[in-house]
Amino acid sequence: MTRRLVRLIPGLVVLTAVAVVSRVVGAETPLNPLVVAIGSGVALAATGVLPLWTRPGIDTHKLLLETGIVLLGARLSLDRLADSGLVVAGLVAVVVVAGVAFSELLGRFVGVERETRPLLTAGACICGVSAVVAVAGSIDSKEADISYAAATILLFDAVTLVVVPVLGSVVGLSDQSFGVWAGLIMFSTGPTAAAGFVVSETAGRWATVTKLVRNAFIGVFAVGYAFRYATKTGGGDTASVDVGELWTRFPKFLIGFCIVAVVVGTGAVGASTQATAVTASDWLFTLAFVGLGFDLDLDRLRSVGLRPLLVVGFHLVAVGLLAFGLVSVFL
Amino acid sequence: MDSDSHLFLLTNTVVRGVERVTDADRGWKATLLGVGIVLAGSFL
C-alpha cells in the first residue's frame, strides 16, 4: 500500500506545481486561473515532456475533482437551494426526458446502430463516460461500441469546455442561470464545473449542483434501458438489471456532497471550518483541472465517426436551446 | 489488556482501515477525504 501511495507523489507534485503557477498567473494577469490550469495540462500532455512515472499521480485528478465537489457542499446555501432546488430538479427532469427522446429518434433517423444509440444518449443526457459504461453494463454492449461512444462524448467535453463559457458571456444570462444552463446541457462533471467556475464562483456552484442532480438519474436511466432491451429481445436473455452493478456505477461522492452540505448548512461546524473547506475545495478544483487538461488527448478523439458526431452535435444544440428557454422563463 | 496491546490493536485497525479505503470506490474515497477535511478543520 505504501509503495502504491509513493507512486502517486511525482504526479501530485506536478499537479500542485502547475496549479500554483496557474493561480499566480490568474492573480497577476486578467487570465482566468482555471483556464490557465486546463491549458497548461493540455500543453504538457501534447509536448510529452513528462515521464511516464508521473502518470499515476496525474490520474488521481478525478478523485481530486470529486473531493472538491464533496467540499463544494460547504459553499451551498441551504436557504437558496430550498428556494430554487425544486425548480432546478424539475428543469433537469424535463431536459433529461426531452434529450433522451430527441437523441434516440435522431439516432434512428440518421442510422446510428441500435447498440450504440443508448450509449450516446446516456453519455449526452446523464453524466458522460461513466453513464456510457453504466448503460453498457446493463444492456451488454460490445467493447467497440463503448469506446466509440466514449470518444464522441470526450470530444464534446473538450469542445463545450471552450464554447459554453464563451456563449455564457454573449447570451447575457445571470450567473445563477448560466450555471444551471451549463449544468443542464454539458456532459461530464469535470468540464461542467470548470465551465461554470471560469465564468464566476456562483455560476460554478450552480453548474455543479445542477450536474449532480442530473448524475443522480443514472440509476433510473440504466434500469429503464435494461428493461427496454430485455423486452425487445424477448425474454430478457441479453440484458439484465444488476442492482449491484448499478450501485457500483452510482456516483457515491453525491452522498459526501450531501453530508457536507447538511453538516455545514445546519451550523454544526463553525465559520472557520467552512472557510477551510471552501479553500480546500478551490485548490482541489485547480489541481483537478490541470489533470483534466492532461486527459484531453486530441489523438484519441480522431477515431470519432460522423454519425455519432451528428447525433450528439444536434442533441447539444436542441437541448441547449430548450434549456436556455426554460432557464430564461423559470429562473 | 495492557497499553502496548491497546496501541497494537489501534495501529492495526488504522492500517486495515486505510488499506480498505485505498481499495474502495473512488466516490467513497472522495466522500471520506471531503468529510475528513471538514472534521479536521473543525478540530484545528
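With hydrogens and angles ignored, the 3.5 Å screen pairs no side-chain donor or acceptor of A/T276 with any backbone N or O of B/I37. A donor-acceptor contact shorter than 3.5 Å links the side chain of A/R214 to the backbone of A/G183.
Put simply, OG on A/S281 and CZ on A/R205 are 10.5 Å apart, with the number rounded to the nearest 0.5 Å.
Residues of residues 53-63 of chain A lying under 4.5 angstrom from chain B, judged on non-hydrogen atoms, are A/K62, A/L63 in numerical order.
Ring-centre distance between A/F253 and A/F257: not below the 6.0 Å cut-off.
The side chain to side chain donor-acceptor pair (under 3.5 Å) check on A/S188 picks up A/D157, with sequence neighbours excluded.
A side chain to side chain contact (heavy atoms under 4.5 Å, CB included) with A/W283 is found for exactly one of A/V20, A/T16, A/L64, namely A/V20.
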